[in-house]
Engineer: 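Questions regarding the structure given below will be posed in turn.
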Protein chains: 2
Amino acid sequence: MSKKQEPGAAVRATIRDVASAAKTGKTSVSRYLNGEKDLLSDALKERIGRAIALLDYQPSQMARSLKSGQTRLIGLIIADITNPYSVEVMRGVEAACRQEGLTLLVCNTNNELDQEKHYLQLLSSYRVDGIVVNAVGMREAAISTLQQANLPMVLIDRKVANFACDVIGLNNVEATQMMTDHLLQQGFEALLFISEPATINTRLERLRTFLQRMQQSPQHIAEQCEIEISNTEALENMLREFIARHSDKRKAVMCVNGTLTLQVARAMRRLGIVWGQDIGLSGFDELAWAELAGVGITTLKQPTYEMGVAALSQLVARIQGNTDPVKDLEFSGELIARGSTAAR
Amino acid sequence: MSKKQEPGAAVRATIRDVASAAKTGKTSVSRYLNGEKDLLSDALKERIGRAIALLDYQPSQMARSLKSGQTRLIGLIIADITNPYSVEVMRGVEAACRQEGLTLLVCNTNNELDQEKHYLQLLSSYRVDGIVVNAVGMREAAISTLQQANLPMVLIDRKVANFACDVIGLNNVEATQMMTDHLLQQGFEALLFISEPATINTRLERLRTFLQRMQQSPQHIAEQCEIEISNTEALENMLREFIARHSDKRKAVMCVNGTLTLQVARAMRRLGIVWGQDIGLSGFDELAWAELAGVGITTLKQPTYEMGVAALSQLVARIQGNTDPVKDLEFSGELIARGSTAAR
DNA sequence: CTGTTAGCGCATTCAC
DNA sequence: GTGAATGCGCTAACAG
């Protein structure tokens, strides 16, 4: 039973190898790596340093974490990495992690509950110090798993029912009012709120606020619909019908998020409907290409980066033992008006 | 010294706790979790199952991996998560991982060499089974680190000089020829190749092919320039001058990647230059909004998802001990012609 | 069928 | 200053 090795698996030097190569004990090597200080004689330090370089030794974080119980790792679970919104938030979290000397591990759940559960489980079992979660939904199935893993956690954008946890998100009421008021001010008379069927609080809050606001202007028409984002046909029909229904009025649509805005714009393009002319178009989430699409698309920009930073900051506080009551951190959005909602 | 606990850190039950709660030994619990099979009596299985549920026990992957030396973890290092191209590749890698029962950990280096080194080190020290890398650059600094970590690795898109490693990428020669030929066929007479200064092979190959192809049509003008993506002013000047220089000719630009195409389009918009009319516009990488930007932007679409799948597939082969000579897997791109390069 | 034992690689008392 | 011994949580031989 000599040092037989698998074809691909290289031999990893251990602390023991280094110790014997440096003709010393494991303790000194460990000290060299951590405490270091001045507890070692120069001669020993020299020998150990050479041995490490020679063997290309890398301490095993596995073993190290097992011993210490600390990983300095943060998990970020994202529902849809395809969404630029999420990516921007991630960048904020990442920058903040670096600041704190933490390392970020990102997991994409692809909007699937199974995956969310899997990653939650995984990160927990690897004993990350904390998790930032952009939850898939607020259905019950996820909740149990989330509660089960009782480690510091912060939610982003989407809340989870019956789960007490800090949440970082947009001030949806304020934002939706801004957007609705903007459309009304620009002279639109019939408004359509388009959303996906997902049962997330973000969608519900925006929709509710929209409807409430519209009730204050009974002379205007408020409609809403839910469509599967991938069902292009349904989307097209919906737009066509909305326009036909209000042929004599100035119409506008409001999309609940950026991904949807993209699909709606595409559908309009296919149908030959021109935003800013035939119809008003606006949506939540800023889009990098918003100004390039025809006369430009009006968006509601979220301070995504700052939100990411705030999420990590709150998480770190929890990790450090902060036990204040659960907080709901709401950020203000910014309306960026473009040609798609220009007044007549 | 009783069970004193830190404020935030919850007590995690260990296998020993479960064993004693179930009035049995650790081995049986371990068996229950792994081998399971039918080595356990029903009564014992019952007891253990209850104990696990009661204590909310979750085995520590740390300890488990330490013992087995296997993590079933794959690391993905991405240079710029902001780039939709990377995200699409990630989705392919992810799907393939799921297929193989592997778990993907994503790290974003933000195009910083330091971060790349850090993550490489980290993933290696956590003994992931393999790494898929979208390298920051091909400068020497990175190479040493890459070589140091001698664990299965596959490169995506960008090669690293002097580092023998499988690479999955686009067939840049073919793709560039397609794009160049397309522009010439559409009647453009002066072509400008715009790229970022980064020293990555992808850029160089595309540029080289472009210049070579243009040499075969001496009657046409070929120019090239490098600009910092964040330097909007330089970009605008460059465009203005190119247009002024060839006022009597049909002109077109070719952007080396999608991020750049976005910036170029923005700059044109600011300058009042209309693509498809004043100038031709095309770029590598498909863009979700390409058809929405004015008359549409011509792009060269890469089979990103498939590339991600292929990358993981090759990595798995290496992990399983495949020692074939290093491969260069090149995928064919697809030219998607849109209004921005329409013939007169 | 089930429990005891011995490490995986490392950090850490505690002696020398 | 330095090193031997112990245990983190878990798996796998090896006995009963």
Side-chain angles (χ1 to χ4, degrees), chain A residues 1 3 5-6 9-49 51-52 55-72 124-128, chain B residues 1 3 5-6 9-49 51-52 55-72 124-128:
Chain A
M1 277 287 272
K3 283 261 180 183
Q5 216 44 43
E6 297 301 324
V11 201
R12 312 291 283 242
T14 81
I15 198 171
R16 200 216 310 278
D17 300 331
V18 175
S20 71
K23 298 194 185 305
T24 176
K26 302 192 298 181
T27 314
S28 298
V29 179
S30 178
R31 283 201 182 108
Y32 180 93
L33 296 167
N34 309 332
E36 178 122 35
K37 306 301 173 197
D38 31 39
L39 308 173
L40 289 292
S41 71
D42 289 351
L44 226 198
K45 273 196 278 197
E46 169 69 19
R47 295 213 310 278
I48 294 178
I52 287 180
L55 299 175
D56 188 31
Y57 168 70
Q58 280 184 269
S60 156
Q61 278 301 334
M62 284 292 171
R64 198 179 278 209
S65 303
L66 179 58
K67 188 112 242 305
S68 69
Q70 291 264 311
T71 57
R72 307 285 311 157
S124 165
S125 73
Y126 272 105
R127 305 297 189 260
V128 296
Chain B
M1 278 288 273
K3 282 263 181 181
Q5 215 44 43
E6 296 301 326
V11 202
R12 312 292 284 241
T14 82
I15 198 171
R16 201 218 308 281
D17 300 331
V18 176
S20 70
K23 298 192 185 303
T24 175
K26 303 191 299 180
T27 311
S28 300
V29 179
S30 178
R31 284 202 182 108
Y32 181 93
L33 296 167
N34 310 331
E36 178 121 33
K37 306 302 175 194
D38 30 39
L39 310 174
L40 288 292
S41 72
D42 288 352
L44 224 199
K45 272 196 278 200
E46 170 68 20
R47 295 212 310 277
I48 294 178
I52 287 181
L55 299 176
D56 188 31
Y57 168 70
Q58 279 184 271
S60 156
Q61 280 300 335
M62 285 292 172
R64 199 180 278 210
S65 304
L66 179 58
K67 187 106 232 324
S68 70
Q70 291 265 310
T71 57
R72 306 285 309 157
S124 165
S125 73
Y126 272 105
R127 304 298 191 262
V128 297

Engineer: What's the CZ-P distance between Arg16(B) and dT5(C), to the nearest Å?
Structural biologist: 13 Å
Engineer: Hey, does Ser28(B) reach any base, or is it just sugar-phosphate, or nothing, if we go heavy atoms under 4.0 Å?
Structural biologist: sugar-phosphate
Engineer: Hey, does Ser68(A) reach any base, or is it just sugar-phosphate, or nothing, if we go heavy atoms under 4.0 Å?
Structural biologist: nothing
Engineer: Would you say a side-chain N or O of Ser30(B) is under 4.0 Å from OP1 or OP2 of dT11(D)?
Structural biologist: yes
Engineer: Restricting to non-hydrogen atoms, name the atom on Met62(B) and the atom on Thr71(A) that form the minimum distance, rounded to 0.1 Å.
Structural biologist: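 Looks like CE-CG2, 3.7 Å.
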Engineer: Toward the 5' end of DNA chain C, which comes first, Leu44(B) or Val29(A), by nearest nucleotide?
Structural biologist: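 So the residue in question is Leu44(B).
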Engineer: Over all heavy atoms of both residues, which pair between Ala19(B) and Lys26(B) is shortest? Give the atoms and the distance, please.
Structural biologist: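 Smallest interatomic distance, heavy atoms only, reads CB-N, 3.7 Å.
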Engineer: Counting distance only, does the side-chain N/O of Ser20(A) pair as donor-acceptor with the main-chain N or O of Asp17(A) below 3.5 Å?
Structural biologist: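 Yes, because the side chain of Ser20(A) sits within donor-acceptor range (under 3.5 Å) of the backbone of Asp17(A).
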Engineer: Return no unless some side-chain N or O of Thr24(B) is found under 4.0 Å from OP1 or OP2 of dG3(C).
Structural biologist: yes
Engineer: What's the closest nucleotide to the side chain of Lys67(B) if the choices are dT2(D), dT11(D), dA11(C)?
Structural biologist: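 Selected nucleotide: dT11(D).
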Engineer: Whole angstrom is fine here: how far is it from NZ in Lys26(A) over to P in dC8(C)?
Structural biologist: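 Distance check: Lys26(A) NZ to dC8(C) P gives 9 Å.
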Engineer: Can you check the Leu33(A) CG to dA11(C) P distance for me, whole Å?
Structural biologist: 6 Å
Engineer: Give me the atom names and distance for the closest heavy-atom approach of Tyr32(B) to Leu40(B).
Structural biologist: N-CD2, 4.5 Å
Engineer: Can you measure Gln70(A) atom CD to dC10(C) atom C1' for me and round it to whole angstrom units?
Structural biologist: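 Between C1' of dC10(C) and CD of Gln70(A): 16 Å.
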Engineer: Among dT11(D), dT2(D), dA13(D), which is the nearest nucleotide to the side chain of Arg31(A)?
Structural biologist: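 The answer is dT2(D), which lies nearest to the side chain.
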Engineer: In whole angstrom, what separates Leu66(B)'s CG from dA6(C)'s C1'?
Structural biologist: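 My rounded result for the distance is 14 Å.
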Engineer: Output the rounded distance in Å from CE (Met62(B)) to C1' (dC10(D)).
Structural biologist: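 Taking atom C1' of dC10(D) as the reference, CE of Met62(B) is at 13 Å.
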Engineer: Could you pick out which residue, Thr27(A) or Ser60(B), lies toward the 5' side of DNA chain D when each is mapped onto its nearest nucleotide?
Structural biologist: Thr27(A)
Engineer: In whole angstrom, give the distance that lies between atom CG of Leu40(B) and atom P of dT11(D).
Structural biologist: 13 Å
Engineer: From the options dA5(D), dT11(D), dC10(C), select the nucleotide whose nearest atom is closest to the side chain of Tyr57(A).
Structural biologist: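 Closest nucleotide to the Tyr57(A) side chain: dC10(C).
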Engineer: Could you check how far CD1 of Ile15(B) sits from C1' of dA12(D), rounded to whole Å?
Structural biologist: 12 Å
Engineer: Would you say Ser65(B) places a side-chain N or O within less than 4.0 Å of OP1 or OP2 belonging to dC10(D)?
Structural biologist: no
Engineer: I'd like to know if the side chain of Arg12(B) pairs up with that of Ser124(A) as donor and acceptor (distance under 3.5 Å, no hydrogens or angles considered).
Structural biologist: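 Looking only at side-chain atoms, Ser124(A) and Arg12(B) do form a donor-acceptor pair, the distance falling under 3.5 Å.
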